[in-house]
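Note sheet for the following structure.
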Protein chains: 2
Amino acid sequence: MSAFSPLDPLLHSQLRLAVMSLLIGLDEAEFTFLKGQTQSTAGNLSVQLDKLEKAGYIEVTKSFRGKRPLTTCKITQEGVSAFESYVENLKKYIE
Amino acid sequence: MSAFSPLDPLLHSQLRLAVMSLLIGLDEAEFTFLKGQTQSTAGNLSVQLDKLEKAGYIEVTKSFRGKRPLTTCKITQEGVSAFESYVENLKKYIE
DNA sequence: ATAAATAGGTTTATAATGTAAACCAATTTA
DNA sequence: TAAATTGGTTTACATTATAAACCTATTTAT
């Protein structure tokens, strides 16, 4: 009954989990905002966003604001589901 | 307020977390029991128990039952505290 | 006009981690 | 006495996380 379900390795990562946690509340967020909130380096964030995008958990849109590059992230429905499952599974470990 | 506190990397690992989760309820458990409950391989479990022991989160006692080796694990007070902090921190990510 | 600093990232190199496979010593069973 | 099982440990490998280095363009200072 209280077996330990496997934890999605893509979400069981501090930075990726923090990003997903933010996105699930905000729906959309900019790279620099995520960087600030998670206290991560740009390099690390860039890598982890790539992984989330390749997994289909987020969509990353590149555009410009004025003349500056602007990277915007949005969680997908698949991402929402994955996050919810992860949280459900995780609870068995910490209750 | 809802900043993301760092997650103790020793606990933010599926297998080690499962082990700690079991030990916090059971107080003491045998290697083979942990192996069965966590569905892990003996090699992986052995390595992860070492890490928890070196961190001071568990105590590992080696003895014999009859003629067979018997490895028993017990959570330490430090381990209990670490687990509780981890859970508190983690909640900020998943609420 | 040009140099230096800043913004907004990406790429790459390295270290740490997780895991399975191989191994070992002893015991039990065929 | 050979084969299988128990109860693990060690080692090798692949994956991951992270920081450092880098890149392109813009803005600011000289």
Side-chain angles (χ1 to χ4, degrees), chain A residues 4-22 28-55 57-74 82 86 89-90 93, chain B residues 4-22 28-55 57-74 82 86 89-90 93:
Chain A
F4 297 108
S5 321
L7 299 174
D8 182 345
L10 254 138
L11 295 182
H12 197 64
S13 136
Q14 184 166 167
L15 181 49
R16 288 194 300 269
L17 187 62
V19 166
M20 292 294 281
S21 178
L22 288 166
E28 201 165 273
E30 296 174 12
F31 186 97
T32 52
F33 173 81
L34 294 174
K35 179 168 176 289
Q37 293 291 309
T38 59
Q39 306 262 72
S40 59
T41 60
N44 191 10
L45 183 57
S46 179
V47 169
Q48 306 312 327
L49 290 179
D50 265 10
K51 292 186 185 177
L52 290 173
E53 187 185 22
K54 276 169 187 150
Y57 292 177
I58 65 172
E59 271 175 27
V60 177
T61 307
K62 277 152 197 321
S63 60
F64 283 85
R65 173 161 50 206
K67 299 176 172 180
R68 292 282 171 72
L70 176 67
T71 299
T72 307
C73 304
K74 186 167 162 36
Y86 172 80
N89 290 334
L90 187 61
Y93 291 74
Chain B
F4 298 109
S5 320
L7 299 174
D8 182 346
L10 253 138
L11 295 181
H12 198 63
S13 136
Q14 183 166 169
L15 181 49
R16 289 194 299 271
L17 188 62
V19 166
M20 292 293 282
S21 178
L22 288 166
E28 202 166 272
E30 296 174 12
F31 186 97
T32 51
F33 173 82
L34 293 175
K35 179 169 176 288
Q37 294 292 310
T38 59
Q39 305 263 71
S40 59
T41 61
N44 192 9
L45 182 57
S46 180
V47 170
Q48 305 312 327
L49 290 180
D50 266 11
K51 292 186 186 178
L52 291 173
E53 187 186 22
K54 276 170 187 149
Y57 291 177
I58 65 172
E59 271 174 29
V60 177
T61 307
K62 277 153 196 321
S63 61
F64 283 85
R65 174 162 48 206
K67 300 175 170 179
R68 293 280 172 74
L70 177 66
T71 298
T72 307
C73 303
K74 186 168 162 37
Y86 172 79
N89 290 335
L90 188 60
Y93 290 74

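We name chains A, B, ... by the order of the sequence lines, and we start the count at 1 in each one.
Between D:dA17 and A:Lys51, a contact under 4.0 Å exists linking OP1 or OP2 to a side-chain N or O. Taking side-chain N and O atoms only, B:Arg16 has a distance below 4.0 Å to OP1 or OP2 of C:dG18. Applying the 4.0 Å criterion to OP1 and OP2 of D:dT10, one finds that B:Ser46 has every side-chain N and O outside that range. Residue A:Thr41 places at least one side-chain N or O under 4.0 Å from the OP1 or OP2 atom of D:dA19.
In this structure, B:Asn44 and A:Gly43 both approach DNA chain C, and ranking their closest nucleotides by distance from the 5' end singles out A:Gly43. In terms of position on DNA chain D, the residue among A:His12 and B:Arg68 whose nearest nucleotide sits closer to the 5' end is B:Arg68.
Distance, A:Gln48 CD to D:dT15 C1': 12 Å, rounded to whole Å. In this structure, A:Lys35 places its NZ atom 10 Å from P of C:dG9, rounding to the nearest Å. Taking atom CG on B:Leu49 and atom P on D:dT10, their separation rounds to 13 Å, with Å as the unit. Going from atom CG of B:Leu70 over to atom C1' of C:dA25 covers 16 Å, rounded to whole Å. Rounded to whole angstrom, the span from the CG atom of B:Leu11 across to the P atom of C:dT17 amounts to 13 Å. Atom NZ in B:Lys54 sits about 12 Å away from atom P in C:dT17, given to the nearest Å. The nearest whole Å value for the distance from the CG atom in B:Leu34 to the C1' atom in D:dG8 is 13 Å. Remark: P of D:dT11 and CG of B:Asp50 are 12 Å apart, rounded to the nearest angstrom.
Between B:Leu90 and A:Leu17, the closest heavy-atom pair is CD1-CD2, 4.1 Å.
For B:Lys67, the listed nucleotide lying nearest its side chain is C:dT28; candidates were C:dT28, D:dG7, C:dG8. Here the side chain of A:Lys62 is nearest to one of C:dT10, C:dT19, C:dT28, namely C:dT10.
Residue contacts shown for B:Leu45 are absent, as no nucleic acid heavy atom lies under 4.0 Å away. A:Gln14 comes within contact range of no nucleotide atom at all, as no heavy-atom separation falls under 4.0 Å. Here B:Ser13 lies in heavy-atom contact (under 4.0 Å) with sugar-phosphate atoms only.
Inter-residue side-chain proximity for B:Leu10 and B:Arg16 is flagged as met; some heavy-atom pair is nearer than 4.5 Å.
Of the inter-residue distances, the one linking A:Glu53 atom CD with A:Lys74 atom NZ reads 14.0 Å to the nearest 0.5 angstrom. Between the CD atom of A:Glu30 and the OG atom of A:Ser63 there is a distance of 8.5 Å, given to the nearest 0.5 Å.
In this pair, A:His12 and A:Tyr86 present their aromatic rings tilted. The plane angle is within the 30 to 60° band.
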